[in-house]
Amino acid sequence: MGVDLYGRGRSLSMNWAGWESCFRIASAFGWSPAGTAAPDDFDEVRRAANPTVKWDGGYFSNDYQRVTDCDAQAFARALFRALRAVRSGEMLTVEQHFALKSAEPGFIEELAWFARTGEFEIG
């Protein structure tokens with residue numbers, strides 16, 4: 001099972017390991033996740049069964065939660081910083097080194113350009 005991202009008339013698919021890897025890389029390069037917005041049907045579907053359930057803002061489910069425009073662009077900037085660091089050979093922190101250990105630069109770049117266009121959903 002994997003994750004599909006949908007935004008601005010585009011989509012991008014990957015496995016969960018790839019998504020988690022890019023999440024760690026962006027975090028290591030300065031992205032502070034703002035948390036996702038609940039899917040449109042969250043109140044109807046989830047809370048109908050249990051009114052005390054609240055959206056946790058997570059990035060690791062296929063619920064069609066939304067990454068906001070501002071958060072998506074900050075995510076993209078961090079991924080571009082990671083690419084720049086790798087390509088220039090600059091010194092990395094221990095966290096950055098381990099985050100990039102199994103990274104595929106081509107995929108990171110594709111995800112960075114996707115996120116740069118703004119808001120997207122995780123499905």
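Predicted model only: the values in this text are computed from it and were never measured.
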Please check if atom CD in E109 has more than 12 non-hydrogen atoms from other residues, nucleotides or ligands closer than 6.0 Å.
yes
Stepwise side-chain contact (heavy atoms from CB on, under 4.5 Å) check, L12 with D4
CA-CA 6 Å; L12 185 61; D4 298 311; over 6 Å; no
What residues form a side chain to side chain contact (heavy atoms under 4.5 Å, CB included) with R84, not counting sequence neighbours?
R81
Under the criterion ring-ring contact (aromatic ring centres under 6.0 Å, His included), which of W113, F75, F29, W31 is the partner of F80?
W113
Is there a side-chain contact between Q65 and W55, using heavy atoms and a 4.5 Å cut-off?
yes
Check this for me, if you would: do D69 and R8 make a salt bridge, where the nitrogen-to-carboxylate-oxygen distance has to be below 4.0 angstrom?
yes
Donor-acceptor pair, R66 side chain versus A38 backbone, under 3.5 Å?
yes
Output for pair (D63 CG, D56 CG), nearest 0.5 Å, gives 8.5 Å
To check you understand the geometry: which heavy-atom pair defines the closest contact between F107 and G18, and what is its length?
CE2-O, 4.3 Å
Could you go through the side-chain contact (heavy atoms from CB on, under 4.5 Å) check for Q73 and R116 one step at a time?
CA-CA 5 Å; Q73 291 180 23; R116 187 173 186 248; 5.5 Å; no
Could you see if W16 belongs to whatever hydrophobic cluster contains I108? Use Ile, Leu, Val, Met, Phe, Trp, Tyr and a side-chain cutoff under 4.5 Å.
yes
Any sub-3.5 Å donor-acceptor pair from N62's side-chain atoms to G2's backbone N or O?
yes
Quick one: OG on S102 to CZ on R24, what's the gap to the nearest 0.5 Å?
6.0 Å
Check each of F60, Y6, Y64, W19 against I122 using the side-chain contact (heavy atoms from CB on, under 4.5 Å) test, and report the only one that passes.
W19
F120 and S11: CA distance, side-chain angles, deciding distance, side-chain contact (heavy atoms from CB on, under 4.5 Å) verdict:
CA-CA 9 Å; F120 61 89; S11 65; over 6 Å; no
Using atom types as modelled and distance alone, determine if a side-chain donor or acceptor of S27 lies under 3.5 Å from a backbone N or O of F23.
yes
